[in-house]
Amino acid sequence: MSETTTAVEATVRLRGISKTFSNGTTAVSKLNLDLEPGSFVSLLGPSGCGKSTVLRMIAGLIDPSEGEVTGSREAGRIGFVFQEPTLMPWGSALANIRLPLDLAGVKPAEANARARDALAQVGLEGFADAYPRELSGGMRMRVSLARALTTEPDILLLDEPFAALDEITRFKLNNDLLALWQAKRFTAVFVTHSVFESVYLSQRVVVMAARPGRVSDDLAIETDLARGEEFRTSADYAQLCRRASEALERAMAS
Amino acid sequence: MSETTTAVEATVRLRGISKTFSNGTTAVSKLNLDLEPGSFVSLLGPSGCGKSTVLRMIAGLIDPSEGEVTGSREAGRIGFVFQEPTLMPWGSALANIRLPLDLAGVKPAEANARARDALAQVGLEGFADAYPRELSGGMRMRVSLARALTTEPDILLLDEPFAALDEITRFKLNNDLLALWQAKRFTAVFVTHSVFESVYLSQRVVVMAARPGRVSDDLAIETDLARGEEFRTSADYAQLCRRASEALERAMAS
Amino acid sequence: DDELQDATLYIGWRAEAEFGGFFQALATGLYEKHGLNVEIQLGNPQSNPAQQLIAGKVDFTVGSSGTALNAAREGAPIAAVAAMFQKDPRIMVGHPGQGYESLEDMVGHTAYVGALGMATFWPFLREEFGFSDENVKPYTFSIVPFVADETAIQQGYATNEPHALHMAGIENPVAFLLHDYGYRPYAVNVMARQDDIANRPDFVQSFIDASIEGWQDYLHGDASPGNALIKERNPDMEDDVLEFALETIRQGGFVDAEDAAELGIGAMTDERWREFYDTMVSAGALPGDIDISKAYTLQFVNNRVGLQ
Amino acid sequence: MNKTSPLRRFGLPIGLGILTLIVWEGCVQALNVSPFLLPGPVAIYHALVDDWGLLSEALLVTLQITGLAFVCAVLGGGLIAVLFSLSRSVETTLFPYAVIMQVTPVVAIAPLLIIWIDNVRLALLACAWLVAFFPILSNTTVGLNSSDHNLRDMFRLYGATTRQTLFRLRMPSAMPYFLTGVRISGGLSLTGAVVAEFVAGTSGQGSGLAYRILEASYQLQTPRMFAALLLISLTGVLIFLATSFISQRILGRWHESAMEREK
Amino acid sequence: MNKTSPLRRFGLPIGLGILTLIVWEGCVQALNVSPFLLPGPVAIYHALVDDWGLLSEALLVTLQITGLAFVCAVLGGGLIAVLFSLSRSVETTLFPYAVIMQVTPVVAIAPLLIIWIDNVRLALLACAWLVAFFPILSNTTVGLNSSDHNLRDMFRLYGATTRQTLFRLRMPSAMPYFLTGVRISGGLSLTGAVVAEFVAGTSGQGSGLAYRILEASYQLQTPRMFAALLLISLTGVLIFLATSFISQRILGRWHESAMEREK
Ligand SMILES: Nc1ncnc2c1ncn2[C@@H]1O[C@H](COP(=O)(O)OP(=O)(O)OP(=O)(O)O)[C@@H](O)[C@H]1O
Ligand SMILES: Nc1ncnc2c1ncn2[C@@H]1O[C@H](COP(=O)(O)OP(=O)(O)OP(=O)(O)O)[C@@H](O)[C@H]1O
Ligand SMILES: [Mg+2]
Ligand SMILES: [Mg+2]
């Protein structure tokens with residue numbers, strides 16, 4: 001891949017990363033991955049292949065047992081949508097979304113306004129005061145997404161953010177995410193199980209294989225079409241999806 | 001719909017069901033639904049439209065504020081895969097799967113054997129002794145699925161069981177579920193966000209609309225083809241999927 | 001030969017010289033001679049001997065005159081049957097060199113007084129000498145706070161604190177016996193149930209007589225059997241402590257001076273009871289309408305037992 | 001605790017109370033138990049009414065110390081727990097000393113406290129505090145360590161300061177534990193105040209219920225003693241109800257132990 | 001608590017202890033404090049060695065009551081909590097009475113207990129139990145009500161009996177709370193045993209540490225008193241460490257408060 005020049009920030013580099021948990025499970029083994037600033041990369045792979053573990057290492061939440069992660073800490077602000085909603089049960093939806101803003105010292109009035117915007121963006125206008133336990137599974141995940149979006153991160157890590165959503169909401173949020181990315185050009189790492197989604201969203205699809213987790217394929221998604229309905233119905237898209245599907249099948253067979 | 005004659009058990013009937021939670025949210029309003037014994041019904045609908053709430057009312061976990069649910073309690077054993085994995089954090093994967101068997105007084109040796117089978121079926125052979133926190137999101141969901149399958153239920157309620165899984169694992173489990181259903185002919189209610197999945201699996205797709213939750217469409221999936229790869233690649237399938245997608249769009253627009 | 005009758009004496013405190021006569025009687029077989037098989041039960045400062053007696057757990061207890069008067073006031077079915085101490089050894093002590101000539105000089109000093117003291121002698125001191133509640137600090141069965149404060153005074157027993165203070169390095173502490181200042185209850189009263197007094201007078205009489213003989217022997221004979229028994233029951237007891245207490249009791253005539261000199265150990269008189277009661281009434285510690293004849297009986301004492 | 005109808009919440013225990021009192025009185029009457037050993041409710045009631053002036057004054061004194069000790073236990077226990085939570089080393093180093101403070105018998109150190117602390121009230125307060133602070137400390141420490149690991153990760157990621165993590169994550173997570181500790185310490189403050197007064201004594205005026213109990217016991221006024229005990233019991237129950245109510249209000253909307261389940 | 005290296009776990013507090021002792025001895029020497037008021041560690045050590053026979057015997061007595069009271073508190077507190085958890089009505093009805101038991105001053109009822117309960121040992125045990133049981137009861141009750149609502153639903157669905165739900169769901173969920181209660185009660189059993197002995201024990205042979213303290217205090221053998229206090233403190237710390245260790249073992253694999261985090 002060629003170096004893009006849009007970025008001022010450093011490339012996130014994972015070099016010979018392995019992770020063995022204290023119970024002996026090796027989740028990731030000798031993984032190399034470079035994430036260029038401003039790129040949108042999808043991680044695709046079977047359940048349990050170490051995708052979440054890789055994201056956590058990029059974010060610096062866990063340390064690799066071997067190898068080194070560079071560039072992510074220097075990059076600035078990191079946003080993370082965990083695989084589980086990870087909401088504070090004692091806070092309303094709005095309070096949960098406001099959290100990163102509050103932590104960053106944003107003024108209450110502004111924080112409220114921004115949080116309400118984010119809430120509207122994920123289609124939850126009426127639920128600002130609802131507590132997490134009063135929300136459906138998909139709604140909780142959307143609150144979690146909204147929380148990550150308010151932060152205007154430099155690196156955004158998304159761990160299956162749309163898995164619990166219906167296709168129409170999902171399409172809408174896909175487009176919203178894409179628009180946001182195009183506007184802000186943060187580095188995005190997107191874990192998904194949907195081949196279609198990965199192709200639709202990203203510039204590059206990294207396919208992982210399991211036991212131990214490693215990179216098995218790395219597909220560039222090159223198209224001249226602007227992302228959108230046009231792309232989704234194009235022959236390019238269908239072909240790219242087919243290639244990604246095959247890569248996934250290879251990864252699972254290996 | 002015509003009465004099927006395969007069943008000895010009662011039809012599950014939801015008559016004029018409404019549910020308003022104590023915080024004032026009306027999740028479901030005046031919903032009618034009959035589930036014939038041995039049928040496989042999918043629930044499709046936007047996030048927050050009340051699918052989980054309907055399942056919980058069928059299972060008798062919450063009572064409708066209005067209307068009546070009949071037939072489910074008399075039907076016998078109910079299996080439920082919750083939207084969240086709902087595992088006991090203090091028990092190993094095996095212990096979690098064994099739970100319903102232990103509760104039913106199955107002998108330890110037999111319970112262990114059956115639980116191990118179920119674990120293998122969901123592709124988690126090596127993880128019998130792992131604690132939930134040592135499993136990935138998808139693995140946890142598979143443990144939860146395995147738990148429901150061991151019980152040999154008369155009614156099986158599945159709330160997005162495959163949302164956190166990659167497509168290949170998902171296809172496999174789709175087929176496993178189908179085979180099990182064909183063998184045992186329990187009544188299955190399957191919540192999913194995947195139109196394809198719903199058409200592939202079920203005899204009937206009920207599409208729900210949100211705010212308040214209600215039935216907006218009820219599609220019979222009629223085909224002469226046996227479910228399997230053949231069906232999945234057929235024109236029938238493509239057409240049925242298109243119809244279901246349209247119904248979902250209508251539901252969301254309403 | 002008659003069977004020995006069982007009798008229990010509850011002293012409600014640890015074994016020490018203040019109860020030496022009882023231990024002496026037990027150690028030298030005086031109780032058996034009077035047909036009794038006596039057991040002495042120890043207790044702690046928080047226990048309530050009167051309740052034990054009323055409940056029938058024990059046959060005799062050691063109490064103060066105040067207890068007897070309170071029992072009369074409340075109509076409790078117990079009474080004092082003998083007073084082993086003619087003089088209450090209660091003192092107020094102070095550090096030397098503070099210019100105390102008499103009890104009055106202690107007024108105004110910080111005073112360590114226990115909770116029960118507040119209900120017994122303190123009202124008397126307050127009324128008669130102008131001691132003030134404001135100066136009172138709680139006494140917790142430890143003389144440490146007092147030792148630490150040169151100007152403080154504290155409650156004590158003539159038989160104990162002066163020696164303890166001596167051991168703590170305070171030579172010649174100043175002590176005033178409250179008895180000498182008009183606070184004149186009996187002490188170490190033997191209490192018994194009215195029921196026994198009425199229905200088993202011989203039993204009570206035997207116990208009293210044997211105890212008196214025990215005291216007589218403890219003070220004027222060889223005290224070592226009693227002391228040995230005390231030390232057996234209280235392994236912490238030191239010889240010098242025992243010795244000091246015994247000497248004090250002997251020299252101060254606590255047991256055998258005053259009325260006891262003529263009437264024998266254990267002596268009680270209506271006049272003394274009346275006098276003490278009046279003191280307490282005028283101090284405001286007791287109401288004026290108690291029928292004090294219920295508090296005690298003279299039927300077992302004043303028989304010159306043990307006197308030649 | 002979930003919401004129960006006020007009728008049941010108060011009716012049932014009060015009903016049982018009345019029943020107990022009736023049986024108690026019946027037994028005392030039937031067995032002719034000496035009032036010096038166990039007075040019946042009627043006698044206790046009369047003592048309560050007759051000595052109300054004396055007892056209510058003493059109650060006030062005890063309440064003051066209880067209240068102060070409780071406040072100090074909540075603040076002290078909570079703050080020490082927070083201190084401990086800031087560093088594992090601090091916790092490891094100091095927790096054994098907190099345990100020593102808990103187990104050191106008030107009876108033994110009362111004389112020393114009286115020397116070191118000139119003010120008797122203050123000494124009593126210190127004793128009562130010693131009795132009451134530990135459950136809050138212990139519970140809160142566990143609670144502060146019980147916050148969800150994913151949420152902790154999220155806070156770290158968003159650059160939360162130690163202070164922010166403490167106030168916004170660990171403290172809310174610790175709430176159910178903390179509040180349970182508070183409910184235990186509420187009663188212990190009262191016990192502590194009474195025990196302190198017993199062993200560290202009271203000075204003449206302004207003595208509390210413990211002194212009244214001692215005095216009544218000495219004077220063989222057992223009904224009065226029970227009346228004083230009754231006041232202590234009632235105070236304890238009131239403290240418990242108050243702390244439970246506060247706990248319910250704070251946790252009601254989100255914690256399993258307090259939430260009402262949807263039916 | 002998370003795992004800390006044994007060196008830090010024991011080294012730090014012991015280091016602080018040694019430092020404190022040195023400073024203490026230094027101050028006592030430098031200021032020439034009378035050993036009657038505050039003996040230095042050396043004097044205490046000598047007392048401990050000299051009076052070891054007396055003290056160890058007393059320690060044994062106190063330990064027996066502490067141990068029994070602790071076992072009874074764990075069993076009693078736990079069982080009552082389970083009883084309460086079975087029915088909201090039972091809980092509502094009886095909890096105020098548990099509170100009354102907690103707040104009733106042992107010091108006040110000890111003389112009566114001794115009359116009602118013929119055996120002194122038993123009376124002591126009852127007193128110590130009264131002091132120790134409540135934190136376990138209170139914590140366990142909250143814990144039993146804190147189980148995850150979805151898991152509860154699952155149990156209901158699979159037709160779990162009350163008993164099964166109790167043993168397989170509510171008890172494991174209550175563990176972190178229960179064990180915190182146990183750690184509090186460990187110390188309280190000791191305190192309770194000492195207080196009980198102080199108020200209800202008899203003097204003389206076969207008496208425990210409380211009596212030795214009183215006696216030593218009475219006889220101005222302050223170093224011996226401190227030696228007895230030291231034994232009590234050490235016992236308390238040992239109980240705490242033991243209960244913490246058990247707690248760590250039980251919760252280590254799953255509960256946030258005890259789990260080691262992956263790094
Ligand atoms: N805390 C942990 N302790 C031990 N093993 C762990 C831990 N977390 C994850 N693992 C193991 O590491 C492997 C990878 O887990 P990870 O969560 O990264 O998978 P994933 O690719 O995100 O899967 P999914 O798509 O199901 O979420 C799994 O085998 C899992 O069992
Ligand atoms: N316990 C509750 N208290 C209050 N409101 C609730 C509660 N549970 C669900 N709701 C509300 O009921 C509606 C339906 O929720 P439900 O969980 O049934 O949706 P769903 O169709 O399962 O959505 P999803 O696909 O996102 O899981 C939502 O608006 C939700 O906010
Ligand atoms: Mg994952
Ligand atoms: Mg749902």
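Values in this document were obtained by computation on a predicted structure and should not be read as measured data. Each chain gets a letter, A, B and so on, in the order its sequence line appears, and its residues count up from 1.
Residues A:L43 and A:V189 meet the side-chain proximity criterion, which asks for heavy atoms closer than 4.5 Å. Using a 4.5 Å heavy-atom threshold, the side chains of D:T66 and D:I239 count as touching. Looking at heavy atoms from C-beta onward, D:F10 lies in side-chain contact with D:L241 at the 4.5 angstrom threshold. Residues D:S146 and D:Y177 have side chains in contact (heavy-atom distance under 4.5 Å, counting atoms from C-beta outward). Considering only heavy atoms from C-beta on, D:T140 stays 4.5 Å or farther from D:V82 through its side chain. The closest side-chain heavy-atom distance from A:D154 to A:T187 is not below 4.5 Å. Here the side chains of A:F127 and A:R142 are not in contact, with every heavy-atom distance at 4.5 Å or above.
Interface remark: A:F82 contributes side-chain atoms only to the contact with chain D (heavy atom separation under 4.5 Å). In this structure, chain A has heavy atoms under 4.5 Å from both the backbone and the side chain of D:S173. With a 4.5 angstrom heavy-atom cutoff, D:L169 touches chain A via backbone and side-chain atoms both. Only the backbone of A:L87 has a heavy atom closer than 4.5 Å to any heavy atom of chain D.
Heavy-atom pairs under 4.5 Å with chain A peak, among D:N150, D:T161, D:I250, at D:N150.
Scanning residues 100-120 of chain A against chain D with a 4.5 Å non-hydrogen threshold yields A:P100, A:D102, A:L103, sorted by number. Within residues 145-152 of chain A, the residues that have a heavy atom under 4.5 Å from a heavy atom of chain D are A:R147, A:A148, A:T151, listed by number.
Considering only residues two or more places apart in sequence or on other chains, D:F178 meets the ring pair (Phe, Tyr, Trp, His ring centres under 6.0 Å) condition with none of them.
A salt bridge links A:R13 with A:D34: the distance from a Lys NZ or Arg NE/NH1/NH2 to an Asp or Glu carboxylate oxygen falls below 4.0 Å.
Taking every heavy atom of both residues into account, A:F40 and A:S202 meet most closely at O-CB, 3.2 Å. Considering all non-hydrogen atoms of both residues, D:R170 and D:S85 come closest at NH1-O, 3.3 Å.
For residues 85-119 of chain A, the ring-ring contact (aromatic ring centres under 6.0 Å, His included) pairs, not counting sequence neighbours, are A:W90-D:W254.
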